[in-house]
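Working notes, structure below.
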Amino acid sequence: MKIEEKIVGAVEAAIKELYGQQVPASMVQLQETRAEFEGQLTLVVFPFLKMSRKKPEDTAREIGEYLVGKVPEVVSRFNVIKGFLNLTINPAQWIDLLQEIRQDQQFGFVPVTEESPLVMIEYSSPNTNKPLHLGHVRNNLLGWALANVMQANGNRVVKTNIVNDRGIHICKSMLAWLKWGNGETPESSGKKGDHLIGDYYVAFDKHYREEVARLVAQGMDEEQAKQEAPLIREAHEMLVKWEQGDPEVRALWKRMNEWVYAGFDQTYKALGVAFDKIYYESETYLEGKEKVEEGLQKGLFYRREDGSVWADLRPEGLDEKLLLRSDGTSVYMTQDIGTAKLRFQDYPIDKMIYVVGNEQNYHFQVLSILLDKLGFRWGRDLVHFSYGMVELPNGKMKSREGTVVDADDLIATMISDARQMSADKVNKLEDITDEEAQEIARIVGMGALKYFILKVDARKNMLFNPEESIDFNGNTGPFIQYTYARIRSILRKAAEQGIEVPDSLPAAAEISDREISLVQHLYGFKAAVRQAGQDYNPSQIANYCYELVKEYNQFYHDFSVLREEDADKKLFRLALSAAVSQVVKNGMGLLGIEVPERM
RNA sequence: GGUUCGGUAGCUCAGUUGGAUUAGAGCAGCAGCCUUCUAAGCUGCGGGUCAAGGGUUCGAGCCCCUUCCGAAUCACCA
């Protein structure tokens, strides 16, 4: 049993015996004792004053005496400061706790079984007309991390992606490619497929704007010009042909999408994310129409005179929402309904989480209500994991204005910076091959990028300054990775010296406060994982890892491990170090960040 | 205007169900520490009216109300 649980139980008994009252466990507040006082755990006695009808100090002393009297094997001493009862815990308890953590490779994780709830997480969800940028990177990293966190909390997780592969934006790229592409392919130009398509999307926009400007100069109203520019009309014609299944258009569409997917796969692989099931909007949008028709027949929705279909959400405090256009084509919402239908056919989903930017908060509020009305049992409680935008120093990223941070560029830069960084190091590693150095640079560069994004509270907007780029010092991924590598180095050396840490540690006579504090921190991993799962917030894991490692670093500089004379202490510190590295590895693993054995 | 979300050091961000005279990191600035388990590190200094005001209570950065500032959204776009 954990130390905290033992004490909570004893305190409950104390209150019962001393004051004759039954208190709920939640009233027993235990926290770490502040460094300036003696003790490791502190009980806050204020909540019990109403029962004891005594001063805080007296109440604390009574409870303290009771604990030392009844559970001396746990609480060896106590002191009272104001309403705070500081408890000194028997060292053997801390050793037990460390053992428990060390012997459970999956410490902090709830096992997943066949009966565990099935959670589906949708993330990434790219458009196929342009390459991924920093905003997508945030989405992908958050989605992946959240999936890991949900799984660590005992859920069966299905990671899914809905690819937005149809619509006017694709037609724009296709049209531009037909007009100005001269048959360019990824092979002929050496460009990554998604970038190639993105370039034509930009080209379309450029020519289109020129056309609009020309029409306006000729005296046309701007709104009208935007609708009547020949290019946009052509794109619309192409979209109609696509919907009609025109073989030529479909063939081109298919071919260009393949290029894009090949490009995306490369980026996903570099980011270390993957999916269990991918849906394509071209396959789901018709399902949505069907579902809307069904709702129409059930009287959930209504049709206007022009033929458009609407849902009236005013009773829910929202507005009316369009579900089908007057020409019968579907809108975004329709597609999401269709996708939901297919997903539910494929998996018995208990909970659905959508990782989508906060600009779509309203959309998901509406979607939740609509899915609920349509009878999806997880509709009402669907989670929109809403994250903030990535901002640049001079405002937001706008692909049309070219103020984007391209994902592939960023990844490449991070890795080469990491490579440079290790080359500049004074004590660089000897005897490693070029491949190993490159692999370390990849792990460290990606770790820097991932940690930089994941340490920030997901729902907040975050700022990325490309000029300053991403740091490798301080509160960063590489700092954590570095500490891990150092611990692994110590463990390797210990093994070389033939030192093995036994399953049962000798009871060291004396454990320093810093060591106890580390054990407590390690145990806190469990709470951090649970909290992150409840709040859908991977950033808590990131910050947990940083604080643990920060503390270990201070420990590292004040204490020696291998050079410790006392054999028992040495073993204890080795075990402690090993446990830190294990928890760090697991924590970073949840974030999708690898840790290197050397760096 | 309605709705939702934010506001903590010069900058980027933490702050776990409300807890202890002194609200924490990192970056940037200054000063120290590598014949010692990896210096991508450690130590010290300076830097704050936690947007403002009120309330709840033993106790508020955190909970409630009002105001100010910022963002997103409110399309037959996705």
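All figures in this text were calculated on a predicted structure; none of them were measured in a lab. Note on naming: letters A, B, ... go to the chains in the order of the sequence lines (proteins, then strands), and numbering restarts at 1 for each one.
- Ring geometry, A/F84 versus A/F46: the interplanar angle exceeds 60°, so the pair is classed perpendicular (tilted spans 30 to 60°).
- Residue A/A485 is in base contact, counting any heavy-atom pair closer than 4.0 Å across all strands shown.
- In the set B/rC37, B/rA14, B/rG19, the nucleotide with an atom closest to the side chain of A/Q31 is B/rG19.
- At the heavy-atom level, A/N129 lies nowhere under 4.0 Å from the strands shown.
- Counting non-hydrogen atoms under 4.0 angstrom, A/Q481 reaches nothing in the nucleic acid.
- For B/rA20, its base sits under 3.5 Å from the side chain of A/T42 at one donor and acceptor pair at least.
- If you check every strand for non-hydrogen atoms under 4.0 Å, A/D327 touches nothing.
- The side chain of A/R34 has B/rA20 as its nearest neighbour among B/rC42, B/rG41, B/rA20.
- To the nearest whole angstrom, the two C1' atoms, one in B/rC68 and one in B/rG19, are 30 Å apart.
- Set against B/rG26, B/rU38, B/rC76, the side chain of A/S489 has B/rU38 as its closest nucleotide.
- In this structure, of B/rC77, B/rU38, B/rU16, it is B/rC77 that holds the atom nearest to the side chain of A/R325.
- Among B/rG41, B/rC37, B/rC58, the nucleotide with an atom closest to any side-chain atom of A/Y482 is B/rG41.
- For RNA chain B, the stems formed by at least three consecutive Watson-Crick or G-U pairs, with both atom-pair distances below 3.5 Å, span B:1-7 with B:68-74, B:10-13 with B:24-27, B:29-33 with B:41-45, B:51-55 with B:63-67.
- A/S386 comes within 4.0 angstrom of nothing in the nucleic acid, heavy atoms only.
- With distances taken from any side-chain atom of A/H557 to the nucleotides B/rA20, B/rG41, B/rG26, the minimum falls on B/rG41.
- Nucleic acid contact for A/D535: none, since no nucleic acid atom lies under 4.0 Å from a heavy atom of the residue.
- The cationic group of A/R304 lies under 6.0 Å from the six-membered ring centre of A/W310 and within 45° of the ring axis, placing it in a cation-pi geometry.
- Residue A/F301 holds its CZ atom at 5.5 Å from CG of A/L323, rounded to the nearest 0.5 Å.
- Atom name C1', nucleotides B/rU22 and B/rG48: the rounded distance is 12 Å, in whole Å.
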Per-nucleotide protein contact string for nucleotides 2-12 of chain B (B base, S sugar-phosphate only, - none; heavy atom under 4.0 Å): --S-SS----S
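- In this structure, A/S308 does not reach the B/rC76 phosphate: none of its side-chain N or O atoms is under 4.0 Å from OP1 or OP2.
- An aromatic stack links A/F84 and the base of B/rA20, using centre distance under 5.5 Å and interplanar angle under 30°.
- Rounded to whole Å, the separation between the C1' atoms of B/rG32 and B/rG24 comes to 23 Å.
- B/rA75 atom C1' lies 14 Å from atom NE2 of A/H363, rounded to whole Å.
- Closest contact between the side chain of A/F472 and the listed nucleotides B/rA14, B/rA40, B/rA20 involves B/rA40.
- Side-chain atoms of A/Q531 lie closest to B/rU16 of the nucleotides B/rG41, B/rU38, B/rU16.
- In terms of heavy-atom proximity, A/I415 sits nearest to A/A441 at O-CB, 3.8 Å.
- For A/R486, counting side-chain heavy atoms from C-beta on, the closest listed nucleotide (B/rC37, B/rA40, B/rG41) is B/rG41.
- A ring-centre distance under 6.0 Å is not found for A/F385 and A/Y354.
- Of all the heavy atoms in A/S330 and A/R166, the pair that sits closest is OG-NH1, 4.2 Å.
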Donor-acceptor contacts, no H, no angles, side chain residues 313-320 of chain A, under 3.5 Å, sequence neighbours left out:
unit_1 : atom_1 : unit_2 : atom_2 : d
A/R314 : NE     : A/D312 : OD1    : 2.9
A/R314 : NH2    : A/D312 : OD2    : 3.1
A/E320 : OE2    : A/Y302 : OH     : 2.2

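- Whole-Å rounding puts the A/F46 CZ to B/rC58 P distance at 10 Å.
- Residue A/V331 has its side chain nearest to B/rA78 when only B/rA72, B/rA78, B/rC37 are considered.
- A/F479 comes within 4.0 angstrom of the backbone, heavy atoms only, and of no base.
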